[in-house]
Protein chains: 2
Amino acid sequence: MAGLTAPLLGLQKKSLREQALSALRTAITSGELAPGRHLVETELSEMLQISRGTLREALRQLEQEGLLSAGPRGRLSVRHLDEKEIRDIYAVRAALESLAARTLCELADRQHVTESLHAAIDAMGSAADGTLEERIESDLEFHRTLCRLTGNETLLHSWESLEGSIRMSIMFAGLEKGVSNMSVDRHRDIVAAIDTGDAGLARKTILEHMDSAAANLVS
Amino acid sequence: MAGLTAPLLGLQKKSLREQALSALRTAITSGELAPGRHLVETELSEMLQISRGTLREALRQLEQEGLLSAGPRGRLSVRHLDEKEIRDIYAVRAALESLAARTLCELADRQHVTESLHAAIDAMGSAADGTLEERIESDLEFHRTLCRLTGNETLLHSWESLEGSIRMSIMFAGLEKGVSNMSVDRHRDIVAAIDTGDAGLARKTILEHMDSAAANLVS
DNA sequence: CGAACTACGACTGTAAACAGTCGACTTATG
DNA sequence: CATAAGTCGACTGTTTACAGTCGTAGTTCG
């Protein structure tokens, strides 16, 4: 957990709360804070060098993101996912992203969407030879872009609320399994489907992509 | 705003934070705290008779639920929805609930689902002659039940995270418009579709229901 | 008269202290 | 020896106090 010790000093652009939030999220989704681990407020606040009050605000947010689960007397621990929960998370993710795909097909300014998606694909191509972490990041960035381009802030926000759970799913299943269907080609198919403007096809492509992703994770 | 003054005394089952959360959520979705209104921490903490620290934890959660928007220097104000945002919220809601409908069709224990849904419909029938607020509550309870019965905790949680925004949408559009398509018959159609076990039909029924609900709100 | 400058007030960000509760360990008691 | 009472320690819930910042109104100087 050495990575957690005072990673907040310097870069004072964001509030301590936001920095703590990022640090904790990273620590959890990277496995540094293992599932099931009990979190002690005084311990964390000391590690992060922030006060408990500030820390607690961050914890409340993580709790709502589903990364932490509350036990008796408010004791927090890192959430542990079983296979059913991973499938459930991916079912919701699929519903959100299929909405994104459908929306993009019906959008007025398709030109901009196409360009942005191709740029995102190119970014994935650059990361294809990178580490597992880099490939995961570029994959998530692609899917986040999918949601962002719809212009539906609520959709993007819902997806981002789920992002932590998605990352935990990948972590839980093992990074190797997690990246197994993050190939650039797979994503090219998605972009191609959206490019056709056929909402039904785009939706179907996304759903299949998510199905296979979920299947890879729990198999 | 008199309703906000110390509504927390008594019922000490939940923590002050949770009570404040409920009180604020109700105040916002009931219009007691109007959209665009600036929230001052010291002011609110005095009204609710809780400390700022405790209040801030509740505010962070409301912020993530999309009921509050943060301005410069962390200034919070009650979020204001325009028509596009309402449509966007309902698009996400439709995606979540159509997933629920599909899932319920493919569930093993259909018997329990059917019974629970009919019970929910009956509850709506009892509230049909009640006040606008009661009808809205029973409607939301029906849709929440839809999500809960899937057994997908993530889906339920995502829906509940959106519930505040849904309530704001209804508020914003005016309660009369909001309840216009909350008839018991409309919901019977949904239950009937799920009863058939035809996932495609159930999804289609929900989507139409949501489309018409959204159309009513913004028209 | 107007522009810059200063002093004040209003809030949020952050920290530190206080209070209450549950569990574990110890001790007394039959 | 087993059980019940009591004590200690560890945490969370909550409050109070302090620091920093931005806007604003009033004031001075050109």
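Treat the numbers as computed from the prediction; the structure is a model and nothing was measured.
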Counting heavy atoms from C-beta on, name the nucleotide in dT15(D), dT12(D), dT12(C) closest to the side chain of Ile50(B).
dT15(D)

Just compare dT14(C), dT12(D), dT12(C) and give me whichever is closest to any side-chain atom of Thr42(A).
dT12(D)

Lys14(B) NZ to dT14(D) P, straight-line distance once rounded to whole Å:
13 Å

Please state how far atom CG in Leu39(B) lies from atom P in dT12(C), giving the value in whole angstrom units.
9 Å

Please classify the nucleic acid contact of Leu59(A) as base, sugar-phosphate, or nothing, using heavy-atom distances under 4.0 Å.
nothing

Please state whether the phosphate of dT14(D), meaning OP1 or OP2, lies under 4.0 angstrom from any side-chain nitrogen or oxygen of Ser51(B).
no

With heavy atoms under 4.0 Å as the rule, sort Arg75(B) into base, sugar-phosphate or nothing.
sugar-phosphate

Rounded to whole Å, the CZ-P distance (Arg17(B) to dT15(D)) equals 13 Å

Lys/Arg-Asp/Glu bridge criterion (N-O < 4.0 Å) met for Lys84(B), Asp88(B):
yes

Quiz item: Arg73(B) side-chain donor-acceptor pair to dG20(D) base, under 3.5 Å
no

In whole Å, I'd like the distance from the CD atom of Gln49(B) to the P atom of dG13(D).
21 Å

Got Thr145(A) and Leu149(A) here, is their nearest side-chain heavy-atom distance under 4.5 Å?
yes

Residues Arg25(A), Glu65(A): salt bridge by 4.0 Å N-O rule
yes

Between Arg102(B) and Glu106(B), is the closest basic N to carboxylate O distance under 4.0 Å?
no

Glu57(B) CD to dT12(D) C1', in whole Å, measures 10 Å

Rounded to the nearest Å, what distance is computed from the CG atom of residue Leu48(A) to the P atom of nucleotide dA15(C)?
11 Å

Using a 4.0 Å heavy-atom cut-off across all strands, classify Arg52(B) as base, sugar-phosphate, or nothing.
base

Measuring from the side chain of Arg56(B) (C-beta onward, heavy atoms only), which nucleotide among dT14(D), dG13(C), dT12(D) has the closest atom?
dG13(C)

State, with a plain yes or no, whether a side-chain heavy atom of Glu141(B) is found less than 4.5 Å away from one of Met124(B).
no

What does Leu55(B) touch in the nucleic acid at a heavy-atom separation under 4.0 angstrom: a base, only the sugar-phosphate, or nothing?
nothing

Report the distance from atom CD of Glu46(B) to atom C1' of dA10(C), rounded to the nearest whole Å.
14 Å

Whole-Å gap separating P (dG23(D)) and NE2 (His38(B))
12 Å

Regarding Gly53(A), tell me which of base, sugar-phosphate or nothing describes its non-hydrogen contacts under 4.0 Å with the strands shown.
nothing

Nucleotide of dG13(C), dA15(C), dT14(D) approaching Ser15(B) most closely (side-chain heavy atoms)
dT14(D)

